[in-house]
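Here the structure comes first, spelled out in structure tokens, and everything after it is commentary.
Basis for what follows: all heavy atoms, side chains included, without hydrogens, waters or symmetry-related copies. Along the sequence shown, residues are numbered consecutively beginning with 1.
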Amino acid sequence: MRASLRPALDKLALAWRRWSLWALLAGLVLAVLATLVFLAGRYEASQVQAKLERDTANTIGDIRAGLARNVQSLQALQAGRPAPEAWALGARALLHERRELMRIEWRDDALAILEHVDSPFHVPVFSRYDRSIAQSDMALACANAHRFSGPAYSNSYFVPQSDGLGMEMMDVCLPLASGGQPAGYLVATYSLQEILSDLVEKQLTRSQEVSFTEADGTRLALHGQGRRGSRVFTAQQLLNLPGYTLVLRMDSWRAAPDLFPDVLTALVSVMSIALVSVLVLLAKDMRRRLRAERGLADALAFRKAMEDSLVTGLRARDLQGRITYVNPAFCQMVGFAPEELMGHSVPAPYWPPDQADEYRQRHAIRMSGGSVPPREGFESVFVRKDGTRFPVLIIEAPLIDAQGVQTGWMGACLDISEQRRVQELTRATQERLQATARLATVGEMASLLSHELNQPLAAISSYATGSMNLLQGDPGPDGHSSLALAMRRIAEQAGRAGRIIKSVHDFVRRRDEAREVVRPQDLFDAILPLVSLQAGKLGVRVELSFEKDLPSVLCDHTMVEQVLLNLARNAMQAMDEPAITRRLLVLAVRRAQATERTAHSPGWLEFSVADLGPGIAPQVAQQLFTPFFTTKREGMGLGLSLCRTVVEQHGGFLTLQPNQPQGMIFRFTLPVHSPAATAADA
């Protein structure tokens, strides 16, 4: 159960490590954005509140200035102790100019009304109710005015009107004096509503609501346009008047707390949205990057598994010849650890010490780009860490990077030790089979000859013995006739022995029926595998030389191939001496020149096998084609003899001559296939 849950838990842990940082980053970004938006909103609200406070303070100043101006105008009415009619005329003019004044009264010391004038813009405020409803407040204000020796204001009071509404009023009382003695009071009645309408700047009331309130918040008068349903900013200022204090309240909807109240908040919000968008794009990019990294990791794992499963050694080198990569198969092949090979330059630790110069020259040519490695590869020899040597087949190709620039060379190395061993075993087996076949043939021929020649030779021996006996005495006439008969019998038996030998020769010549049309190239192609095996073992380099457009020959290709193979092996064995360092075997074919020996055929091809061996002494060359003559310890002395027989059976001839500067050349000719001659024979 735990084993089944472990992969799921590991996957969850990996997902948590991967996404926890993203979640933390997203949370921090959202927190920063929310803080910025909140601070921007608070800043904007503070700006609106500060402006509203300034507007309220300015409004207080405007109201104070207006009331002070009215006091001065009221005091001007009493200048020079005016007559009642003149006073009333001046009071009406003042009421006409100051709409906030509802009524002006001239009272005596006992607060009895001497004269009064009402505003022409309103119905007289005390037309429905008697003036006495505010008498106490007015008297208190006048008492304060007398005590201050200046204007004093009464508490506000509500006066119902005839239209069912009402107005909040406030009196200002100015003490009058004549000759230093009190001479009455001048009382002016204000409408708080009209004060707000006339003394407050019109621009403010278009977007704000201005009101007078009591200290406890009771609203006395209101002016302006209000917009409900939005956040309201409120500012309050005290209007301290002599004898009375009002609270001026200003409510503003101008800076309602919208989500984007101004450019700053909008800019912060836009930047926040942009930041979130970038964060989302970054998350998508990271997901794509993770997918790409996962795919790359899978590809690398697949490549690693593939490299580990290979039995072919892989080796990469840069343009300076330093080893940059080896796979496990290569390390196992040479016995060195990757750390012992990486970065190693020439000479490589797996080079044979005695061939290091040759390898270095080949390496320099390869690194300079002077030669293109053969596609089929080339053979070389490596040395393992324990000192053992083994043949390898190296196939190299340029290492090209993603930009198409060559950065080095990539080589695949195959250990062909087993292949060589199998080839050598096959070659040895084939040689033994061929030797056995030759021995069997020779034995068969010897048995045939001995069996067939036994009787004529025995008869010849008997006749000779009898003749000798007759010659020891006087043979007489009958003895002479017997001797003549014996001689005839001896001649007959000798002729019989010759016919036996000729029959054996005819037995050998009966392969004429196996001749066929063969291309010269096919003859060499058939023997090259066997020649290459022995050449590789003896370190001999094989070269082929062909003239162009050579015709085919008519021959027993098996016998001719055996001739070529025998001559090639003899040549390679001749060069198998330590003193001979340059070992070259040249197999060539060309058109033969017409000679007396080849005049009987329309065309001939000359095959040659040349070596660089020590050559053949003249006295040995004279007996070289003699049967059972050999210079080899294990030779039978029949190879060259049979070769000459086979060539002569085809109508050609086999010769030898010294090669220059050293070695020997064996040449033999074969007739060119002539379709006309073939048709005539048919």
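- The salt bridge (Lys or Arg N to Asp or Glu O under 4.0 Å) contacts involving residues 655-666 comprise nothing, where partners must be two or more places apart or lie in separate chains.
- Not counting sequence neighbours, E293 has no partner by the salt bridge (Lys or Arg N to Asp or Glu O under 4.0 Å) test.
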task = Give the C-alpha distance, both sets of side-chain angles, the deciding distance and a yes or no for side chain to side chain contact (heavy atoms under 4.5 Å, CB included) between L296 and D298.
result = CA-CA 5 Å; L296 182 59; D298 293 340; over 6 Å; no

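- Separating the CG atom in L565 from the CG atom in L523 is a distance of 12.0 Å, to the nearest 0.5 Å.
- Residue T426 holds its OG1 atom at 10.5 Å from CD of Q419, rounded to the nearest 0.5 Å.
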ask   = Could you walk me through whether D318 and I323 pass the side chain to side chain contact (heavy atoms under 4.5 Å, CB included) check?
value = CA-CA 7 Å; D318 60 13; I323 298 176; over 6 Å; no

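- Judged by distance alone, the side chain of D522 and the main-chain N or O of V518 form no donor-acceptor pair under 3.5 Å.
- Proximity of a side-chain donor or acceptor of R420 to a complementary backbone N or O of P391 within less than 3.5 Å is not detected.
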request  = Walk me through it: do V609 and L587 pass the test side chain to side chain contact (heavy atoms under 4.5 Å, CB included)?
outcome  = CA-CA 5 Å; V609 178; L587 303 177; 3.8 Å; yes

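- Between L414 and M333 there is no side-chain heavy-atom pair separated by less than 4.5 Å.
- A donor-acceptor pair is defined here as one N or O able to donate and one able to accept, closer than 3.5 Å; such a pair exists between the side chain of S309 and the backbone of A305.
- With sequence neighbours excluded, no residue forms a salt bridge (Lys or Arg N to Asp or Glu O under 4.0 Å) with D525.
- More than 12 heavy-atom neighbours from other residues, nucleotides or ligands sit within 6.0 angstrom of CE on M342.
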inquiry  = Could you go through R384 and D415, starting from their C-alpha distance and side-chain angles, then the distance that decides it, and tell me whether this counts as salt bridge (charged side-chain N to carboxylate O under 4.0 Å, His left out)?
reply    = CA-CA 11 Å; R384 295 189 178 92; D415 185 354; 3.2 Å; yes

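- The closest donor-acceptor contact from the side chain of D576 to the backbone of M572 lies at 3.5 Å or more, if one exists at all.
- For F666, there are no ring-ring contact (aromatic ring centres under 6.0 Å, His included) partners at least two apart in sequence or on another chain.
- By the 4.5 Å heavy-atom criterion applied to side chains, L605 and P551 are counted as neighbours.
- Residues L399 and A316 come closest through the heavy atom pair CD2-CB, 4.4 Å.
- Note that CG of D556 is 9.0 Å distant from CD of E561, once rounded to the nearest 0.5 Å.
- Rounding to the nearest 0.5 Å places CG of L319 at 5.5 Å from CD of Q406.
- G651 and W604 get closest at one heavy-atom pair: O-CH2, 3.1 Å.
- Residues I394 and S380 come closest through the heavy atom pair CD1-CB, 4.0 Å.
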Expected list for residues 540-547: side-chain donor-acceptor pairs under 3.5 angstrom, two or more places apart:
{"unit_1": "R541", "atom_1": "NH1", "unit_2": "E543", "atom_2": "OE2", "d": "2.6"}
{"unit_1": "E547", "atom_1": "OE1", "unit_2": "R591", "atom_2": "N", "d": "3.4"}

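- Every residue was checked against the side-chain contact (heavy atoms from CB on, under 4.5 Å) condition with T581, not counting sequence neighbours, and none meets it.
- Within a 6.0 Å sphere centred on CD of Q657, other residues, nucleotides and ligands contribute more than 12 heavy atoms.
- Atom OG1 in T655 sits 10.5 Å away from atom CZ in F668 (nearest 0.5 Å).
- Around atom CG of D386, more than 12 heavy atoms belonging to other residues, nucleotides or ligands sit under 6.0 Å away.
- A 4.5 Å side-chain heavy-atom check between V531 and F524 finds every atom pair outside the cut-off.
- Aromatic ring orientation, F382 versus Y350: tilted (interplanar angle from 30° to 60°).
- The list of salt bridge (Lys or Arg N to Asp or Glu O under 4.0 Å) pairs with a residue in residues 457-468, not counting sequence neighbours, is empty.
- Looking only at side-chain heavy atoms (C-beta outward), M487 and S467 come within less than 4.5 Å of each other.
- Side-chain atoms of E340 come within 3.5 Å of backbone N or O of A337 as a donor-acceptor pair.
- Judged by distance alone, the side chain of N327 and the main-chain N or O of L314 form a donor-acceptor pair under 3.5 Å.
- For S482, the side-chain contact (heavy atoms from CB on, under 4.5 Å) test picks out L470, with sequence neighbours left out.
- Between V553 and H673, every side-chain heavy-atom pair lies at or beyond the 4.5 Å cut-off.
- Taking each heavy atom of L393 and E379 in turn, the nearest pair found is CD1-CG, 4.0 Å.
- Using a 4.5 Å cut-off on side-chain heavy atoms (C-beta onward), I665 and L656 make no contact.
- Contact detail for T312 and A329: the closest heavy-atom pair is O-CB, 3.5 Å.
- The side-chain contact (heavy atoms from CB on, under 4.5 Å) test applied to P349 returns F336, L341, H344, not counting sequence neighbours.
- Counting heavy atoms from C-beta outward, V560 and L670 have side chains that approach closer than 4.5 Å.
- We find that R583 and E577 are not joined by a salt bridge, their nearest charged nitrogen and carboxylate oxygen being 4.0 Å or further apart.
- Within the structure, salt bridge (Lys or Arg N to Asp or Glu O under 4.0 Å) contacts touching residues 649-669 (residues at least two apart or in different chains) are E606-R667.
- With hydrogens and angles disregarded, a donor-acceptor distance shorter than 3.5 Å links the side chain of N659 to the backbone of D611.
- Using modelled atom types, no side-chain atom of H650 and backbone atom of P671 make a donor-acceptor pair closer than 3.5 Å.
- With T669 contributing its side chain and F653 its backbone, the two residues share a donor-acceptor pair below 3.5 Å.
- A donor-acceptor contact shorter than 3.5 Å is absent between the side chain of R315 and the backbone of T324.
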Side chain to side chain contact (heavy atoms under 4.5 Å, CB included) assessment of K385 paired with V334 = CA-CA 6 Å; K385 192 174 182 179; V334 298; over 6 Å; no

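- Residues R360 and W351 come closest through the heavy atom pair N-CZ3, 3.7 Å.
- Applying the salt bridge (Lys or Arg N to Asp or Glu O under 4.0 Å) criterion to R488, with sequence neighbours excluded, gives no partner residue.
- Atom OG1 of T388 is separated from atom CZ of F390 by 7.5 Å, given to the nearest 0.5 angstrom.
- A search for side-chain contact (heavy atoms from CB on, under 4.5 Å) contacts involving E418 returns R421, V422, not counting sequence neighbours.
- A 4.5 Å side-chain heavy-atom check between L654 and E648 finds every atom pair outside the cut-off.
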